[in-house]
Protein chains: 2
Amino acid sequence: MSAPNPRPDAGPDSKARLRLWLKLLKATRTVESGLRENLRTEFASTLPRFDVMSALARNAGGLKMSELSGLLKVSNGNVTGIIERLVEDGHVLREPVPGDRRANRVRLTRKGEEEFTRQAARHEAWVDDLLGALDADEARTITATLDRILTEGKS
Amino acid sequence: MSAPNPRPDAGPDSKARLRLWLKLLKATRTVESGLRENLRTEFASTLPRFDVMSALARNAGGLKMSELSGLLKVSNGNVTGIIERLVEDGHVLREPVPGDRRANRVRLTRKGEEEFTRQAARHEAWVDDLLGALDADEARTITATLDRILTEGKS
DNA sequence: GCCTAAACCTTTAAGCTTGAAATATACTGA
DNA sequence: TCAGTATATTTCAAGCTTAAAGGTTTAGGC
């Protein structure tokens with residue numbers, strides 16, 4: 001009489017999960033907003049650009065466009081535009097992939113590496129400040145729990 | 001010798017906080033992406049539109065544009081465009097504010113209310129599913145901890 | 001070799017987002 | 001009154017984002 005269908009409707013814990021989702025969203029947007037503001041005023045840059053440079057910094061050999069969009073979980077067309085602007089800035093370089101004329105490999109220039117090093121140091125300090133209400137143990141605990149959303153994803 | 005400056009650099013817990021931030025971002029984007037996809041395919045709508053309708057549903061008397069952008073923590077120009085499209089859809093109504101010809105009050109139409117009711121039920125079920133890896137207690141714990149990021153924000 | 005499917009990437013259209021400038025209205029204090 | 005300031009909103013330019021469509025190139029049967 002109570003739950004006729006397997007999973008078309010919300011379960012008994014749905015309210016707690018809904019509240020978590022709203023809080024998650026608000027917290028993320030608050031931090032994002034702070035970071036965006038800082039990137040804009042201190043480096044005249046943006047969060048998407050920083051994310052791309054961060055991915056490239058972790059992969060010194062460069063990445064294909066498709067690897068980049070896969071890592072960042074954004075659409076492929078999206079990456080095209082961001083890279084375009086990073087190339088204009090001289091932070092990123094496109095080079096052909098030997099043996100596959102469809103693909104491009106993209107990597108940081110020397111200038112891009114230096115710029116990213118500066119930005120990454122400040123970025124870490126900003127995050128440290130924005131999440132300063134939580135101590136290291138709390139941070140690790142939430143990190144682990146959030147990870148289960150990603151790894152135990154249903155359907 | 002170790003920490004010459006008060007807070008220009010990252011503190012000792014900064015790595016844990018940085019990892020938390022990256023996880024927070026990834027989890028949020030994953031859930032957002034699922035919700036966006038569902039809203040698109042089931043309702044031909046978007047997350048920003050849902051958010052606006054949700055705010056209006058909670059305020060039956062309507063909201064001024066500035067109240068709306070304040071609640072949603074987005075720029076005022078942003079709300080203008082979203083409302084514009086919701087008005088086209090017949091979901092939202094603009095009306096003058098008596099005594100202040102600068103302001104508009106905005107509220108759901110009957111059609112908008114009915115549509116939101118349908119969407120909200122599905123939305124709750126989607127969230128329930130996307131966050132299904134966590135039980136109610138875990139959800140409440142993280143919610144409370146995340147809240148401290150918002151309420152104990154520094155600087 | 002040839003042909004189809006797949007992979008890689010860009011382009012496009014539509015919409016979201018911001019910060020800043022522009023408009024219009026309201027208020028406040030000489 | 002009237003100037004100056006504050007408030008409410010829109011407009012604008014730039015950039016981000018997606019999904020879908022388009023163009024190339026590669027890979028796999030046959």
Side-chain angles (χ1 to χ4, degrees), chain A residues 25 28-30 32-53 55 62-89 91-92 94-106, chain B residues 25 28-30 32-53 55 62-89 91-92 94-106:
Chain A
L25 198 53
T28 300
R29 285 185 179 170
T30 298
E32 253 183 336
S33 167
L35 295 178
R36 178 171 31 243
E37 166 81 0
N38 287 333
L39 275 171
R40 190 177 57 83
T41 58
E42 286 197 30
F43 297 108
S45 190
T46 66
L47 216 37
R49 280 201 254 255
F50 179 83
D51 289 342
V52 165
M53 291 179 77
L63 289 169
K64 289 196 297 180
M65 294 297 278
S66 50
E67 293 172 328
L68 205 39
S69 64
L71 280 174
L72 301 179
K73 299 245 170 63
V74 297
S75 65
N76 41 8
N78 186 353
V79 174
T80 298
I82 297 172
I83 289 294
E84 196 173 296
R85 285 175 280 272
L86 284 173
V87 168
E88 283 172 12
D89 294 344
H91 289 330
V92 160
R94 310 176 94 116
E95 44 191 26
V97 174
D100 190 343
R101 281 181 299 176
R102 294 169 300 181
N104 284 322
R105 193 178 304 290
V106 156
Chain B
L25 198 53
T28 300
R29 285 186 179 168
T30 299
E32 254 183 336
S33 167
L35 294 177
R36 177 171 31 243
E37 166 80 2
N38 287 332
L39 275 172
R40 189 177 58 84
T41 59
E42 286 196 30
F43 297 107
S45 189
T46 66
L47 217 36
R49 281 202 256 255
F50 179 83
D51 289 342
V52 165
M53 290 179 77
L63 289 169
K64 290 196 298 180
M65 294 298 277
S66 49
E67 293 172 329
L68 204 41
S69 63
L71 280 174
L72 300 178
K73 298 245 170 64
V74 297
S75 66
N76 39 10
N78 187 353
V79 175
T80 299
I82 297 171
I83 289 294
E84 197 173 294
R85 285 176 281 271
L86 284 173
V87 168
E88 283 173 13
D89 295 344
H91 290 331
V92 161
R94 311 176 93 117
E95 43 191 26
V97 174
D100 191 343
R101 282 182 298 175
R102 294 169 302 179
N104 285 322
R105 193 177 303 291
V106 157

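Model, not experiment: these values are computed from the prediction.
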Output the rounded distance in Å from [atom1] ([X]) to [atom2] ([N]).
X: B:Glu84; N: C:dC16; atom1: CD; atom2: P; value: 10 Å
X: B:Leu72; N: C:dT18; atom1: CG; atom2: C1'; value: 15 Å
X: A:Arg40; N: D:dC16; atom1: CZ; atom2: P; value: 14 Å
X: B:Leu68; N: D:dT7; atom1: CG; atom2: C1'; value: 17 Å
X: B:Glu67; N: D:dT9; atom1: CD; atom2: C1'; value: 13 Å
X: B:Arg101; N: D:dT9; atom1: CZ; atom2: P; value: 15 Å
X: B:Asn104; N: D:dT11; atom1: CG; atom2: P; value: 11 Å
X: B:Glu32; N: D:dT18; atom1: CD; atom2: C1'; value: 13 Å

Nearest to the side chain of [X] - [options]?
X: A:Arg85; options: D:dT25, D:dA20, D:dC16; value: D:dC16
X: B:Asp100; options: C:dT25, D:dT9, C:dT18; value: C:dT25
X: A:Arg36; options: C:dT18, D:dT9, D:dT17; value: C:dT18
X: A:Asn78; options: D:dT17, C:dC9, D:dA19; value: D:dT17
X: A:Arg94; options: C:dT10, D:dG15, D:dT18; value: C:dT10

(message) When you measure from the side-chain N and O atoms of A:Arg105 to the phosphate of C:dC9, is any distance below 4.0 Å, counting only OP1 and OP2?
(response) no
(message) Taking 4.0 Å as the cut-off, does a side-chain nitrogen or oxygen of A:Lys64 come that near to OP1 or OP2 on C:dC8?
(response)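 For C:dC8, OP1 or OP2 has a side-chain N or O of A:Lys64 closer than 4.0 Å.
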Looking across every strand, which nucleic acid part, if any, lies under 4.0 Å from [X] by heavy atom: base, sugar-phosphate, or nothing?
X: B:Arg29; value: nothing
X: A:Thr80; value: base
X: B:Ser66; value: sugar-phosphate
X: B:Val79; value: nothing
X: A:Glu37; value: sugar-phosphate
X: B:Ile82; value: sugar-phosphate

(message) Quick check: on DNA chain C, is the nucleotide nearest B:Gly99 upstream (toward 5') of the one nearest B:Gly77, or the reverse? Name the residue that is more 5'.
(response) B:Gly77
(message) What I want to find out is whether A:Lys73 reaches B:Glu32 closely enough, with some N-O distance under 4.0 Å, to be called a salt bridge.
(response) no
(message) Whether A:Arg85 and A:Glu88 form a salt bridge (side-chain N of Lys/Arg under 4.0 Å from carboxylate O of Asp/Glu) is what I want to check.
(response)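 Here A:Glu88 does not pair with A:Arg85 in a salt bridge, since their nearest N and O are not under 4.0 Å apart.
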(message) For A:Met65 versus A:Thr80, what's the shortest heavy-atom pair and its separation?
(response) CE-CA, 3.6 Å
(message) Using every non-hydrogen atom in the two residues, find where B:Ile83 and B:Val106 come nearest and quote the distance to one decimal.
(response)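 Smallest interatomic distance, heavy atoms only, reads CD1-CG1, 3.6 Å.
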(message) Between the base of D:dT7 and the side chain of B:Arg102, is there a donor and acceptor pair under 3.5 angstrom?
(response) yes
(message) Determine whether a donor-acceptor pair (N or O, by modelled atom type, separation under 3.5 Å) exists between the side chain of A:Ser69 and the backbone of A:Ser66.
(response)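 Checking the backbone N and O of A:Ser66 against the side chain of A:Ser69, a donor-acceptor pair under 3.5 Å is found.
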(message) Would A:Thr46 and A:Arg36 count as a side chain to side chain contact (heavy atoms under 4.5 Å, CB included) here? Give the steps.
(response) CA-CA 6 Å; A:Thr46 66; A:Arg36 178 171 31 243; over 6 Å; no
